[in-house]
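Here's the structure we're looking at; comments come further down.
What you are looking at is a predicted structure, and each value in this text was computed from that prediction instead of being measured. Throughout, a chain's letter reflects where its sequence line sits, starting with A, and its residues are numbered from 1.
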Protein chains: 2
Amino acid sequence: MSVPVLTPALQVEGVEEACEALRARGLRLSAARRLVIEALVAAGRPVRAEEIAGGLGGRLPRSDLASVYRNLETLESHGLVRHLHLGHGPGLYALAGEERELLLCESCFRYIAVEPDVLDGVREALADATGWQARFSHFPLTGLCPECG
Amino acid sequence: MSVPVLTPALQVEGVEEACEALRARGLRLSAARRLVIEALVAAGRPVRAEEIAGGLGGRLPRSDLASVYRNLETLESHGLVRHLHLGHGPGLYALAGEERELLLCESCFRYIAVEPDVLDGVREALADATGWQARFSHFPLTGLCPECG
DNA sequence: ATACTTGCAAATGATTTGCCAGTGT
DNA sequence: ACACTGGCAAATCATTTGCAAGTAT
């Protein structure tokens with residue numbers, strides 16, 4: 001049981017860069033592992049492990065689901081991948097990169113991602129009231145969006 | 001797929017009061033249903049469905065897990081029960097009552113519950129910055145607690 | 001009487017594990 | 001070579017569903 005959220009994230013943008021970072025950490029670059037990275041880059045949004053194994057619905061070769069999970073875990077433990085949760089439903093995976101804060105509406109279930117500085121005031125108010133440091137990039141901040149409020 | 005979080009919660013404290021509220025809503029009071037209520041009251045904290053079915057480890061008679069889930073869903077849809085999530089792991093159920101805001105530490109995985117007014121400043125800052133209304137009684141606010149920060 | 005519930009079995013969805021053959025370095 | 005990784009099957013965990021038999025009102 002790891003604490004992937006707290007793993008320092010790398011700033012990874014493309015396939016080659018990610019593969020490079022991977023080898024730099026002494027990890028092997030297998031075909032299946034490269035496919036996971038390609039899928040995350042191609043998707044451009046957080047995706048389920050099953051979508052990766054399914055080759056993003058035909059865009060990429062399909063691969064074994066168990067291996068996908070294992071590779072996601074490996075990549076995550078090395079800071080190359082992160083995963084997050086949007087309410088109920090399966091975990092979602094993305095290449096590590098700039099971590100934006102997530103806001104999930106518990107009425108319409110849509111979510112938005114904002115730059116961290118947007119929530120500076122929130123973080124400050126929370127720290128003043130409770131001493132906690134808020135982080136909304138793994139588990140989103142939940143509430144009602146302006147339309148549903 | 002319901003949106004239980006938004007169901008107006010009743011203020012239910014004890015077994016008899018809950019049974020009363022249940023009948024007032026035209027629901028039948030079966031033995032299995034009463035056991036669910038008794039388990040929630042006896043536990044005094046959010047519990048997993050399996051704990052209820054297991055009779056809280058011997059304190060109460062055990063019952064069928066599928067029925068427990070069905071009854072929790074029924075009770076929740078009538079505002080008598082609510083469920084929440086504390087990070088990864090199974091959903092937790094509690095009698096509806098005063099809803100306190102939950103703060104989960106993503107490092108040590110402990111959580112605290114605070115009175116809603118403690119977070120008034122946080123809510124205000126969030127509304128100012130994004131127009132969202134924060135709610136942390138179903139999905140907790142996540143971050144680092146003072147010890148882990 | 002009859003619509004609602006139960007209990008058991010089986011299905012589902014997400015994720016993990018065991019194992020042995022295959023492969024990256 | 002040799003440790004690491006892949007693929008496949010099977011296990012696990014949380015939850016849901018089908019259905020015949022039982023029960024609350």
Side-chain angles (χ1 to χ4, degrees), chain A residues 1-2 4 18-39 46-55 60-78 80-93 138-139, chain B residues 1-2 4 18-39 46-55 60-78 80-93 138-139:
Chain A
M1 186 161 302
S2 61
C19 292
E20 192 60 34
L22 186 155
R23 317 186 78 137
R25 299 185 160 245
L27 294 174
R28 292 187 184 178
L29 179 53
S30 65
R33 196 163 280 172
R34 174 177 261 270
L35 259 178
V36 167
I37 293 170
E38 286 176 353
V47 287
R48 292 176 294 139
E50 204 190 348
E51 299 182 73
I52 299 172
L60 291 171
R62 44 177 54 254
S63 48
D64 182 67
L65 184 55
S67 295
V68 168
Y69 273 111
R70 272 188 292 231
N71 279 322
L72 285 170
E73 188 188 347
T74 299
L75 295 173
E76 186 167 35
S77 71
H78 285 263
L80 281 153
V81 158
R82 70 196 181 97
H83 86 276
L84 54 98
H85 303 272
L86 292 177
H88 302 151
L92 302 178
Y93 297 82
H138 181 60
F139 292 114
Chain B
M1 186 157 305
S2 61
C19 292
E20 193 61 35
L22 186 155
R23 316 185 80 135
R25 300 185 157 244
L27 294 174
R28 293 187 183 178
L29 181 52
S30 64
R33 196 163 280 172
R34 174 176 262 272
L35 259 178
V36 167
I37 293 170
E38 286 176 352
V47 287
R48 292 178 293 140
E50 203 190 350
E51 298 181 74
I52 299 172
L60 291 170
R62 43 178 55 253
S63 48
D64 182 66
L65 182 56
S67 296
V68 168
Y69 272 112
R70 272 186 295 230
N71 280 323
L72 286 170
E73 188 188 348
T74 299
L75 295 173
E76 184 166 37
S77 70
H78 286 263
L80 282 154
V81 158
R82 70 194 181 95
H83 87 276
L84 54 98
H85 303 271
L86 291 178
H88 301 150
L92 302 177
Y93 297 82
H138 180 61
F139 291 114

Legend entry - Toward the 5' end of DNA chain D, by each residue's nearest nucleotide, A:S67 or B:G89: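 Result of the comparison: A:S67.
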Inset, instruction - Please tell me which of B:E50 and B:A31 maps to the more 5' nucleotide of DNA chain D, matching each residue to the nucleotide holding its nearest heavy atom. - result: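 The answer here is B:E50.
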Taking only the side-chain nitrogens and oxygens of [X], find out if one of them lies under 4.0 Å from OP1 or OP2 of [N].
X: A:N71; N: D:dG6; value: yes
X: A:R33; N: D:dT5; value: yes
X: A:R70; N: C:dT15; value: no
X: A:R48; N: C:dG13; value: no
X: B:S30; N: C:dT6; value: yes

Legend entry - Main-chain N/O of B:H85 paired with B:H138 side-chain donor or acceptor, under 3.5 Å: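 No.
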Inset, instruction - State whether the side chain of A:R33 and the backbone N or O of A:R28 hold a donor-acceptor pair below 3.5 Å, judged by distance alone. - result: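 Yes; judged by distance alone, with no hydrogens or angles, the pair exists.
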Legend entry - Pairing of B:R70 and B:E73 as salt bridge, 4.0 angstrom limit: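 Answer for the salt bridge query: no.
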Nearest-Å distance for atom pair [atom1]/[atom2], residues [X] and [N]:
X: B:R34; N: C:dT5; atom1: CZ; atom2: P; answer: 16 Å
X: B:H85; N: D:dA14; atom1: NE2; atom2: C1'; answer: 11 Å
X: A:Y69; N: D:dT5; atom1: OH; atom2: C1'; answer: 19 Å
X: A:L65; N: D:dC8; atom1: CG; atom2: P; answer: 12 Å
X: A:L29; N: C:dT23; atom1: CG; atom2: C1'; answer: 12 Å
X: A:D64; N: C:dT16; atom1: CG; atom2: P; answer: 14 Å
X: A:E73; N: D:dT5; atom1: CD; atom2: P; answer: 12 Å
X: B:H83; N: D:dA14; atom1: NE2; atom2: P; answer: 14 Å

Inset, instruction - Answer with base, sugar-phosphate or nothing: what part of the nucleic acid does B:A66 contact at a heavy-atom distance below 4.0 Å? - result: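 Base contact.
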Inset, instruction - Looking at every strand, decide which applies to A:R62 at a 4.0 Å heavy-atom threshold: base, sugar-phosphate, or nothing. - result: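 No contact.
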Legend entry - Residue A:R28, side-chain atoms from C-beta onward, closest of C:dT25, D:dA14, C:dG7: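 When the side chain of A:R28 is considered, C:dT25 is the closest of C:dT25, D:dA14, C:dG7.
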Legend entry - Aromatic ring proximity A:H88/B:F139, centre distance under 6.0 Å: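 Yes, ring centres under 6.0 Å apart.
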Inset, instruction - Measure the spacing between CG of A:L22 and OG of A:S30 and express it to the nearest 0.5 Å. - result: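 Result: 8.5 Å between the selected atoms.
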